[in-house]
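Chain naming here is simple, since letters A, B, ... match the order of the sequence lines and numbering starts at 1 in each. The figures that follow rest on heavy atoms only: side chains count, while hydrogens, waters and symmetry mates do not.
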Protein chains: 2
Amino acid sequence: MARVPTTPPTLADVAERAGVSRQTVSNAVNNPDLLRADTLARVLHAIDELGYSPNRAARNLRTRASHLIGMRIGPVYEGTANATMDRFVHSLVEASREAGYHVLLFAGDPEDPLAGYDDLLRSTTVDAFVVTDTYLGNPQATWLEERRAPFVAFGRPWDHPGAEHPWVDVDGAAGTDLATSYLLDRGHQRIAWIGWRKDSRIGEDRRSGWSRALHARGLPTTGLASRVEDTVSSGREASAVLLDEARPTAFVCASDTLAMGVLGTLADRGLTAGRDVSVIGFDDSQVAQVVSPGLTSVRQPLEDVAVEIVKALEGLLAHPPAIGPGVMLVPSLALRGTS
Amino acid sequence: MARVPTTPPTLADVAERAGVSRQTVSNAVNNPDLLRADTLARVLHAIDELGYSPNRAARNLRTRASHLIGMRIGPVYEGTANATMDRFVHSLVEASREAGYHVLLFAGDPEDPLAGYDDLLRSTTVDAFVVTDTYLGNPQATWLEERRAPFVAFGRPWDHPGAEHPWVDVDGAAGTDLATSYLLDRGHQRIAWIGWRKDSRIGEDRRSGWSRALHARGLPTTGLASRVEDTVSSGREASAVLLDEARPTAFVCASDTLAMGVLGTLADRGLTAGRDVSVIGFDDSQVAQVVSPGLTSVRQPLEDVAVEIVKALEGLLAHPPAIGPGVMLVPSLALRGTS
DNA sequence: GGGATCGCCTTGATCGTTCCAAGGTCAGCA
DNA sequence: TGCTGACCTTGGAACGATCAAGGCGATCCC
């Protein structure tokens with residue numbers, strides 16, 4: 001292996017070595033079809049010998065593209081089972097790589113969700129954004145759309161049905177329907193719901209899957225639902241009340257965090273999860289995977305989400321831009337001990 | 001707010017508007033001290049009016065620096081409680097931001113841990129790397145050192161005590177010592193250890209904290225330790241054997257994953273964690289936080305680690321480079337129900 | 001046989017910034 | 001008045017790549 005030079009080789013170095021012009025080397029890298037086979041081989045050989053790799057800054061400057069995708073990471077919420085970020089980020093990095101992009105992370109000032117976007121955009125540091133937390137009714141999507149900033153959202157434009165930007169989302173209702181139907185198939189009749197407060201669009205979406213599955217079999221939902229904060233203790237308290245007042249034989253929850261609360265209540269009362277009462281969570285977090293006896297949970301196809309997002313980004317950044325409609329994916333059920 | 005132009009404003013645009021030359025605008029941004037106060041104000045006003053932000057590609061090209069820090073993210077291991085990545089990545093992004101850097105993620109081909117590094121380096125896409133998984137005895141650190149690539153490791157150079165590169169690590173032995181001493185203070189005499197296989201340097205380090213705490217009080221460790229794979233079922237099995245053969249009143253584990261196995265065994269036997277038998281895990285994962293009744297766990301100061309890493313990077317990228325010694329940080333104990 | 005066409009490669013200009021060295025302005029001083 | 005020096009400002013060049021246009025044989029076709 002050649003020694004590390006003080007300064008990396010440039011296009012001109014390769015050109016000289018291969019006895020061709022700069023442009024020909026550039027073409028060898030970007031448009032190999034334009035070269036005669038023997039010339040191409042000679043250039044590639046020189047590239048290999050010198051260990052040449054195109055200078056990104058120079059390329060970015062000339063092409064006005066960075067091949068970088070920006071993603072804002074919000075604060076890490078402790079005390080919840082929310083573990084989808086790890087998996088999603090990893091999937092996104094992987095999918096981006098295959099499309100020739102890298103992922104640039106930036107921190108969000110919790111006070112100002114727009115901070116950071118503007119600078120990265122104007123300084124042409126990134127080509128586009130992936131926006132993940134559209135559910136808070138936060139202004140990012142609208143703001144970016146106004147700026148004509150290229151971005152793809154992970155999450156439907158709940159509050160703006162006429163939004164023009166591409167998005168990818170997972171059908172939460174389909175997930176809870178799947179979970180509820182699974183329990184119904186196993187003979188459960190009284191299946192309770194513990195979800196989020198009514199102003200959460202995602203929460204209401206997931207809730208609708210539960211209720212539609214029950215209604216589809218002619219079963220009532222009255223008195224079987226509770227809407228609380230997304231904390232373990234809320235899940236614990238809500239399930240205690242529901243057990244006393246409605247005597248459900250199973251719980252479907254809007255999150256693994258809430259489901260962990262249910263498991264706590266069951267343990268308090270000497271009930272065995274999966275035998276006496278079934279429990280199904282949402283997100284298939286690491287918590288669900290390691291808790292005893294294993295928490296059955298709705299699993300989002302984050303790998304597929306990432307692939308679809310990158311596809312949408314490629315369309316967006318193509319010439320001319322192709323803005324497709326939204327993409328909706330369906331979750332699956334990770335079966336474990338609690339059901 | 002001004003309309004979004006088709007092409008962002010450049011230094012020349014600002015210069016024209018402020019009635020000065022390009023260089024003066026550049027100085028206003030990079031060396032404000034060189035300008036007279038009124039000129040500076042005029043230029044800054046023009047910058048603000050036009051919404052100017054320096055083109056990163058052009059700046060990177062000229063200065064031969066990208067202000068990007070590369071970090072390889074490995075595969076996501078399912079079925080373990082390993083949740084430190086989220087927290088660490090977030091902390092690193094935050095600390096980098098304050099130092100004027102962004103974090104670029106790249107995927108690792110599991111087959112070839114070196115893939116990706118080389119390209120990013122030669123193409124001057126990143127200025128430096130943060131290497132996180134030094135524990136596998138993997139060749140990254142050595143390889144990067146040979147290439148004279150600037151990088152900081154999260155983790156001691158276990159296998160290469162004479163390594164020249166800067167590193168930051170958390171004193172695992174201090175953490176398990178802390179946990180064990182806490183239990184000793186509460187009256188426990190027979191405290192078992194469940195850790196990783198002997199070829200894990202980190203595992204042996206953490207184990208040494210447990211044994212030294214016991215030895216410091218003149219207590220034996222014989223028969224109280226088990227070394228297994230880092231899975232829930234291994235922890236479950238190991239704790240069952242230990243309970244039968246050594247009758248410990250408490251467990252200290254090398255990971256939350258193993259601790260969750262212990263909790264499973266306790267539940268099987270009708271024992272209450274925290275009352276009948278105490279359990280302390282390692283990493284303060286989300287699992288520890290949401291499981292009932294809360295898993296006491298050793299918590300790594302990842303925020304501090306990130307800050308130290310960025311400090312080391314700044315030294316490394318300064319002119320002239322300042323390579324300091326390693327930095328060792330001490331973990332704390334997150335107290336919860338199981339102890 | 002001559003002009004148009006095609007395939008393949010070369011040349012000059014350019015992206016937006018910072019570095020460099022020289023130029024301008026003005027007060028202070030003899 | 002003319003010189004000096006401090007201080008700010010200026011134009012030109014360079015970073016390393018791609019774009020746009022042009023050169024130059026060989027081939028094709030009438």
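- The closest side-chain heavy-atom distance from A:Val20 to A:Leu35 is not below 4.5 Å.
- No side-chain heavy atom of A:Leu68 sits less than 4.5 Å from a side-chain heavy atom of B:Arg56.
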Any N/O pairs under 3.5 Å between the protein and nucleotides 7-12 of chain C? List them or say none.
from, atom 1, to, atom 2, distance (Å)
C:dC9, OP1, A:Thr39, OG1, 2.2
C:dC9, OP2, A:Arg36, N, 3.1
C:dT10, OP2, A:Ser21, N, 2.7
C:dT10, OP2, A:Ser21, OG, 2.9
C:dT10, OP2, A:Thr24, OG1, 2.7
C:dG12, O6, A:Arg22, NH2, 3.3

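- Across the interface with DNA chain C, nearest-nucleotide mapping of B:Ala57 and B:Asn31 shows B:Ala57 to be the residue nearer the 5′ end.
- Each of A:Pro54 and B:Arg42 lies near DNA chain D, and the nucleotide nearest B:Arg42 is the one positioned closer to the 5' end.
- One atom, CZ of B:Arg64, and another, P of D:dA14, lie 13 Å apart when rounded to the nearest Å.
- B:Asn60 comes within 4.0 angstrom of nothing in the nucleic acid, heavy atoms only.
- Between B:Glu94 and B:Arg97, at least one side-chain N (NZ, or NE/NH1/NH2) sits under 4.0 Å from a carboxylate O, which counts as a salt bridge.
- Atom C1' of nucleotide C:dT17 and atom CG of B:Leu61 are separated by 8 Å, given to the nearest angstrom.
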Stepwise salt bridge (Lys or Arg N to Asp or Glu O under 4.0 Å) test for B:Lys311 and B:Glu308
CA-CA 5 Å; B:Lys311 266 191 212 164; B:Glu308 291 296 332; 3.4 Å; yes
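- Between A:Phe154 and A:Phe88, the angle of the ring planes lies from 30° to 60°, which puts this pair in the tilted group.
- Note on ring orientation: taking the six-membered ring where Trp is involved, the planes of A:Phe106 and B:His102 are perpendicular (angle over 60°, cut-offs 30° and 60°).
- Rounded to whole Å, the distance from CD on B:Glu16 to C1' on D:dT10 is 16 Å.
- A donor and an acceptor atom sit less than 3.5 Å apart, one in the side chain of B:Arg62 and one in the base of C:dT18.
- Residue A:Asn55 contributes atom CG, which lies 12 Å from atom P of D:dC15 at whole-angstrom precision.
- Between the CZ atom of B:Arg56 and the C1' atom of C:dC15 there is a distance of 17 Å, given to the nearest Å.
- For B:Asp13 and C:dT17, the CG to P distance is 9 Å, given to the nearest whole Å.
- Checking the phosphate oxygens (OP1, OP2) of D:dT18, a side-chain nitrogen or oxygen of A:Ser26 falls inside 4.0 Å.
- Residues B:Leu313 and B:Pro150 have side chains not in contact (no heavy-atom distance under 4.5 Å, counting atoms from C-beta outward).
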